[in-house]
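For reference, positions follow the sequence shown, starting with 1. Computed from a predicted structure; not experimentally measured. In listed order, ligands and their atoms are each counted from 1. Only this structure's heavy atoms are used, side chains among them; waters, hydrogens and symmetry mates stay out.
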Amino acid sequence: MKLFGTNGVRGLANKEMTADMALALGKSLGTYMHRHNEGRRVAVGRDTRVSGDMLKSAAIAGLLSTGLEVTDVGVLPTPALQYYVRSHADAGIMITASHNPREYNGLKIVAGDGTEFSRSGEAEVEDIYFSQQFRAADWDQTGSFSRDSTTLRTYMDAITSLVDVDVIRNAGLTVVVDPGCGASCEVSPLLLRELGCKVITLNAQPDGTFPGRAPEPTKDVLTDLMNTVKASGADLGVAHDGDADRVAFVDEKGEFLDEEDLLAMMAGHVLGHKKGKVVTPLSSSLRIKDVTESMGGELIWTAVGSIDVARKMIETGAVFGGEGNGGLIFPEFQYCRDGAMTAARMLEILAGGRKLSELKSGLPEYHNIKTKIRCSNLDDVLKKVASALKEQEQDVDNTDGLKVWYPDGWILIRPSGTEPIIRIYAESKSPDRAKELMEYGSGLVEKCNVDR
Ligand code: MG
């Protein structure tokens with residue numbers, strides 16, 4: 001049985017993700033930390049979800065029972081917790097289901113250096129969880145508990161110390177921000193105001209029922225933001241997911257900025273100040289590669305997942321990295337996706353004087369198609385697809401799933417980490433070619449899925 005998915009433990013609150021589980025996970029992490037002698041201090045935070053206090057209290061009780069020192073840091077974005085952990089704790093727990101629908105909640109573990117917990121660490125915590133071999137502290141050694149309410153202030157100060165505040169302030173930008181009633185309700189509006197923007201807010205009251213919109217900031221749920229930007233004549237619209245490690249933008253015309261365009265644009269901005277390597281998953285568009293190379297940088301492809309991107313960035317000393325879902329990583333700040341930091345960097349870009357829609361139109365154009373096919377035996381189907389590709393003498397990259405490069409595009413065939421589906425991606429400059437590649441890729445998967 002597996003507890004941890006691609007991004008922590010998640011499930012329907014109080015059904016799949018229960019207080020009992022959070023208690024046992026707290027005990028498991030505490031046992032793990034004693035075993036590895038990795039320090040005694042754990043910071044615990046949460047997003048605004050209704051079940052957050054229930055799960056947080058249970059996780060804290062579990063940690064305390066093993067004898068750890070716990071600090072409750074309240075409601076905050078995941079990257080703010082990560083920033084805090086790096087200098088004040090030896091591990092962290094974030095109670096969040098990120099961008100998942102309202103009914104969900106979950107738990108993510110943060111390592112002592114503020115990065116996401118390693119896959120091997122998760123596997124060991126999972127083993128302790130299932131074996132129930134928990135450490136129980138003696139009666140006079142059960143842990144200590146405190147609260148710290150300075151986290152948001154220090155997080156915001158760290159961001160403003162890294163961006164060009166004077167340039168942003170002088171630009172006098174107007175920004176509409178939609179935290180979606182999630183973890184960034186306090187941070188993002190305040191940060192933008194401190195950066196000298198005129199700030200208009202939408203869904204900025206913390207509310208775990210998410211009355212304004214769904215926690216995932218996709219184009220179809222951001223209609224209010226798009227309309228407000230247009231009606232108010234603002235320069236930019238900013239939206240976050242439930243725990244604010246991701247961000248989505250709307251241009252001054254009220255149009256949603258494609259996340260792949262965002263990724264490419266930000267790579268160009270970073271490389272304009274500092275040359276170096278840029279890291280992105282194999283599923284990203286070639287837009288970031290074109291921009292990176294035109295700016296004299298080097299692009300490195302990695303497996304899909306923010307932890308893979310972050311670890312590869314550390315390994316290669318990259319200057320920037322990110323995923324095509326609005327999760328961007330700025331290593332001069334920290335090795336994790338950061339929504340507020342990305343928003344601050346976007347203001348820097350706009351302070352240069354050009355409108356976001358103009359900047360967007362200057363980017364390389366590609367056509368991307370995605371689809372998914374339900375398969376009951378992922379490994380089996382993938383093996384068959386791999387040997388079919390080999391028979392056809394295709395050049396396959398096995399970093400994550402099967403990626404086939406062509407002179408004019410690519411396809412990626414990749415099993416999901418959490419569901420019984422295979423995802424297929426295709427990209428080319430020509431829409432017809434992208435369609436053709438997609439038909440070829442999905443045709444192969446369909447055939448191997450039937451042939452069992
Ligand atoms: Mg998130």
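- The only option from H240, E216, E323, E259 that meets the side-chain hydrogen bond (donor to acceptor under 3.5 Å, both in side chains) definition with R246 turns out to be E216.
- Aromatic rings of W410 and W301 (six-membered ring for Trp) have centroids beyond the 6.0 Å cut-off, not under it.
- Restricting D245 to its N/O/S atoms, the shortest distance to the Mg ion (ligand 1) is reached by OD1.
- Because the distance cut-off is set at 2.8 Å, T78 fails to qualify as a neighbour of the Mg ion (ligand 1), as none of its N, O or S atoms comes that close.
- At a threshold of 4.5 Å between non-hydrogen side-chain atoms, the residues L29 and I109 count as touching.
- A cation-pi arrangement is found for R345 relative to F330, the charged atom lying closer than 6.0 Å to the ring centre and inside a 45° cone about the ring normal.
- Minimum-distance N/O/S atom of D243 relative to the Mg ion (ligand 1): OD1.
- Minimum-distance N/O/S atom of D241 relative to the Mg ion (ligand 1): OD2.
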